[in-house]
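As a basis for the values below, the full set of heavy atoms in this structure was taken, side chains included, without hydrogen atoms, waters or symmetry mates.
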Amino acid sequence: MNRAIEKKWQEKWVNSGLFDTDPNSMEKLFITVAFPYPSGAMHIGHGRTYTVPDVYGRFKRMQGYNVLFPMAWHVTGSPVIGIAKRIQERDKWTLDLYEKVHKVSKADIDKLSNPEYIVEYFSGQYHDVMVSMGYSIDWRREFKTTDETYKKFIEWQIRKLKSMSLVNKGKHPVKYCPKCNNPVGDHDLLDGESASINELTLIKFEIDGKFLTPATFRPETIYGVSNLWLNPDVKYNLVNSGAESWIISEKSYNNLSNQIKDLKIIEEVDPKALIGKFVKNPVTGENHPVLPASFVDPEFGTGVVFSVPAHAPADYIALQDLKNNSKLLNEYNLNDLVDNIKILNVITLKNYGEIPAKEIIEKNNVKNQNDPNLEEATNQLYKIEHSKGIINLDIPVYGGEKVAIARDKIKLEMIDESNAEIMYDFSQHPVICRCGANVVVKIMDDQWFLKYSDEDWKVKARECLADENIIPSEVRTNLSYYIGWLEDWACSRRSGLGTKLPWDKQWLIEPLSDSTIYMAYYTIVKYFKDLNIGDLNDEFFDFVFLGKNSESLDIKPSLLSKIRDEFNYWYPLDWRLSGKDLVGNHLTFHMFHHSAIFKKNQWPKGMVVFGMGLLEGRKMSSSKGNVVLLSDAIEEYGADVVRLFLTSSAEPWQDFDWREKEVKGIKRRLKWFFEFSDKIKNIKGSSINLNDIKEIKLEKEIDHWLISQLNLRLKDATAALEVFQTRKALQDSLFLLKKDIDHYLFRVENREDESVIYVLSTLFKTWIKILTPFAPHSCEELWQNHGGEGFISNEKWPQYDLKLIDEKIAKSEEIIENLIKDILQIKKIIKKDVNKIHIYPSQDWKWSVYEIASEIAKPDIGQIISRSIKEDVTSDKKELSQFAKKIAKEMTKTNYVGKIDEIAILTNEKEFISKQINSKIIIHENDSFDPENKSKQSIPYKPAIYIE
RNA sequence: GCGGGGGUGCCCGAGCUGGUCAAAGGGGACAGGCUUAGGACCUGUUGACAUAGGUCUACCAGGGUUCGAAUCCCUGCUCCCGCACCA
């Protein structure tokens with residue numbers, strides 16, 4: 001097989017429009033794969049994703065389905081904007097990546113500074129590579145998500161959802177880069193990728209008409225406050241929030257000002273001047289002193305902390321540190337204040353006393369407030385108090401309640417009375433944008449959201465999931481989890497490529513939100529070239545997809561109904577294939593949107609989720625340069641080899657590992673298959689013609705055996721393919737079947753009779769059809785070279801014949817193989833000269849006992865003996881009992897398929913056996929010659945052996 | 001933390017609705033055949049022991065259920081993946 005032959009067939013397929021699919025009277029099958037975002041070259045990891053549906057589609061086409069397999073390009077979004085910018089800035093790393101990994105020519109690389117060109121360039125390349133992989137795609141339906149017609153479709157979708165109140169304006173905290181002026185995702189970060197956004201309660205403690213505003217995870221501890229902490233070594237500012245004045249750290253302003261409207265800096269405040277003064281607790285009304293502590297982080301929260309020494313290890317130890325620091329105490333004149341501090345218990349915890357913080361500090365051996373163990377101690381206590389703690393009975397109103405419940409109530413009460421506000425901060429610092437700036441938490445308040453939090457919508461999405469086939473099945477739990485977990489999803493963006501929000505044009509529709517129901521668009525896109533863009537209004541889509549009124553549409557009614565009929569023909573989508581990284585978003589959104597927009601009978605019917613690709617055992621990654629481009633792989637090995645490797649080395653949902661040695665193994669295997677017909681030719685003396693196979697009545701067991709194996713392999717492969725088990729299908733139909741053929745050829749060596757030719761030709765004719773979905777180019781070529789008419793891609797998938805799958809024949813073959821093995825083994829052990837070998841097949845009565853044993857189906861020796869006696873299988877009871885013991889053990893190791901005429905098969909294969917063991921053999925029908933009394937040892941399927 | 005999935009022979013991996021499992025298949029290694037040689041191809045070996053087809057030890061560790069466990073149950077250890085405004 002060479003590339004020229006593959007190209008020849010690819011051209012023939014395209015020119016004949018073989019895979020262009022329109023509605024017809026056959027049963028339809030509609031499969032899609034997540035369309036690619038073409039921001040780089042296609043590598044073998046991508047290759048697997050598209051090869052699996054192609055194999056499945058080709059298989060189903062051969063089974064007589066009308067299969068639609070379309071492809072499009074998801075080009076909306078922002079990554080290419082960043083890439084283009086970096087190219088423009090001549091960023092060395094990016095240029096290298098695109099020249100060396102994505103192999104963009106020097107001539108083209110500069111043009112990549114235009115984001116539109118990037119997607120244009122790579123989608124063109126994707127298209128070409130997909131063609132050269134031989135994918136059976138209906139290219140008439142190819143589109144980009146920036147096409148004007150697609151935008152019309154997206155506008156319709158988003159308006160539809162808005163009309164159902166599933167799109168709302170809302171508030172949401174996001175990671176935000178003030179320098180880029182944009183929300184940022186984790187992949188946009190240089191540092192702090194794993195930081196999450198946490199909610200804090202900012203509580204106002206009055207001081208001289210102003211407020212100190214510590215922020216806390218644990219608002220319930222407001223009842224246990226002993227003092228406030230300020231860090232005397234950091235800068236603080238007085239800021240105005242509405243009518244109030246707050247004192248917060250200078251560094252926290254950056255974050256907080258993105259959350260609280262019109263937060264204005266008034267002046268700097270000296271923390272040292274506040275130390276020793278008193279603040280008023282807004283809930284208890286008590287006064288607490290302000291004290292100095294070095295552990296207070298100016299970047300976290302507001303840079304102000306309230307101290308709950310009973311429950312916060314840091315507070316407790318800071319208090320101890322202060323007590324031991326006479327210099328500090330004297331500097332601020334705090335001796336009396338500190339002596340008067342009372343430690344108050346708020347939370348009761350089983351197995352802990354009044355001051356759990358103290359206990360946990362001792363347990364973790366924390367020495368001072370700068371000890372690294374402090375964090376661990378804090379985490380331990382926070383967790384246990386949240387899950388197991390009860391509010392102290394002395395606390396008014398909330399006493400006796402669980403902490404987890406009281407916390408929210410106390411927070412809400414304080415907010416209600418304007419004593420507190422919500423703020424957000426990261427779980428860790430720093431969080432740094434790719435541009436180098438510090439990222440903050442910003443509350444976006446003019447954002448548009450898809451209301452995935454809506455309970456009714458979740459119910460529908462779950463219903464959609466319940467009716468779907470999910471492969472592999474464990475993903476169902478995942479999907480269900482995500483449906484529950486999804487909150488409102490911000491569906492508008494400031495930058496990137498995409499469709500504008502029709503009612504608020506300053507926003508673009510977020511690129512995951514525009515790729516949820518696009519499968520519907522495939523079904524009708526080919527008509528758009530005949531329509532005006534103005535025709536594609538909401539009424540048009542309402543009619544085509546939902547069957548609503550079409551009176552005012554200015555489109556020929558016959559065309560209009562043809563479009564609607566086509567949609568109705570293809571929908572619902574039968575299978576959606578996608579990488580497992582998309583489970584939590586694309587695939588879940590897909591169910592949400594379908595269930596909201598379409599009628600129930602048009603909801604998707606199945607999903608297949610893929611694993612990832614490894615390269616020589618390491619994770620594949622373009623950015624790390626650890627990839628093999630699909631185009632290079634095709635050049636080096638040929639498309640069929642690549643297809644076979646990608647589908648045979650792992651099941652679709654497992655990770656596959658591209659190992660060059662193993663790819664070469666596949667190449668050898670394909671070559672063997674491709675040259676198989678030459679072997680037949682050599683035996684026959686002339687080429688096979690598939691239309692002219694001379695049928696022969698088979699007489700030899702081994703001929704039946706191969707036909708039986710063929711049918712068995714075909715049966716197993718067909719069943720496997722039905723559920724996307726490409727690996728198992730190939731294991732059966734390529735690897736194991738090849739082994740069967742090897743074995744057969746070995747057994748029939750030197751036989752050149754017509755049965756061999758018939759058996760091999762019949763097998764060949766079926767075999768090339770089974771492998772057509774996997775290696776279509778090779779199979780087309782073989783088909784054509786051996787008299788096949790038209791495309792083999794159009795041939796019917798072969799039918800297996802259950803009657804030809806014969807367990808007894810398989811068993812007979814096994815008997816012969818095992819006998820040879822056993823004799824060789826014995827010869828090896830006894831190490832003496834061998835004259836003749838005597839073989840004693842099992843006596844009839846032993847078969848009867850085995851039959852009885854297999855009916856009992858348990859190694860129950862007593863029962864086997866008693867039933868054998870009852871049925872009078874033999875008169876020699878002593879031998880019977882010995883044999884029963886043996887058979888009881890043996891039967892757990894073999895599969896009983898019924899009585900086999902061992903004498904006949906051994907006699908037939910006498911010559912072969914004799915040749916294999918290199919000794920003369922004698923088959924005895926009785927024990928008239930049995931000097932060592934070996935014949936007693938025979939067991940059904942295991943004749944006795946005596947070596948002379 | 002929450003959710004999901006794993007740990008099998010030199011390596012990758014199948015098996016895991018309990019007995020046909022010393023455990024498929026591939027890769028690697030070794031031996032033999034073929035070949036001018038190499039490659040390719042074919043056959044065999046690749047846990048240990050064994051002068052009769054056997055025995056022992058094995059599927060992360062420990063315990064249990066069973067006539068019987070890689071497969072079922074419990075406990076522990078350990079590895080991988082996802083957790084959002086991003087394709």
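- Between Gln654(A) and G6(B) there is no side-chain N or O to OP1 or OP2 distance below 4.0 Å.
- With no hydrogens or angles considered, a side-chain donor-acceptor pair links Ser492(A) and Gln447(A) at under 3.5 Å.
- Side-chain nitrogen and oxygen atoms of Lys889(A) include at least one within less than 4.0 Å of the OP1 or OP2 phosphate oxygen of U55(B).
- Contact annotation: Trp672(A) side-chain N/O to C42(B) OP1/OP2 distance is under 4.0 Å.
- Nucleotide G82(B): paired with C2(B) (Watson-Crick or G-U wobble, both distances less than 3.5 Å).
- A search for side chain to side chain contact (heavy atoms under 4.5 Å, CB included) contacts involving Glu948(A) returns Asn835(A), Lys836(A), His838(A), Phe929(A), Tyr946(A), not counting sequence neighbours.
- Atom CZ of Phe645(A) and atom P of G26(B) are 14 Å apart (whole Å).
- Residue Ser78(A) places at least one side-chain N or O closer than 4.0 Å to OP1 or OP2 of A87(B).
- Among the heavy atoms of the strands lying under 4.0 Å from Leu736(A) are primed sugar atoms or P, OP1, OP2 only; no base atom is included.
- Taking only distance into account, the side chain of Arg727(A) meets the base of A24(B) through a donor-acceptor pair shorter than 3.5 Å.
- A cation-pi arrangement, defined by a distance under 6.0 Å to the six-membered ring centre and an angle within 45 degrees of its axis, is absent between Lys580(A) and Trp653(A).
- Counting non-hydrogen atoms under 4.0 angstrom, Asn478(A) reaches the backbone sugars and phosphates but no base.
- Aromatic rings of Tyr452(A) and Phe589(A) (six-membered ring for Trp) have centroids within the 6.0 Å cut-off, being under it.
- Taking 4.0 angstrom as the limit, Arg659(A) places none of its side-chain polar atoms (N or O) nearer than this to OP1 or OP2 of C12(B).
- OP1 or OP2 of G53(B) has not a single side-chain nitrogen or oxygen of Lys821(A) nearer than 4.0 Å.
- For the pair Ile823(A) CD1 and G53(B) C1', the computed distance is 9 Å after rounding to whole Å.
- Between Lys738(A) and C42(B), a side-chain N or O to OP1/OP2 separation shorter than 4.0 Å is present.
- At a threshold of 4.0 angstrom between heavy atoms, the contacts of Ile947(A) include nucleobase atoms, whether or not backbone atoms are also involved.
- Of the N and O atoms on the side chains of His743(A) and Glu813(A), at least one donor lies less than 3.5 Å from an acceptor on the other residue.
- Val583(A) comes within 4.0 angstrom of no nucleic acid atom, judged by non-hydrogen atoms across all strands.
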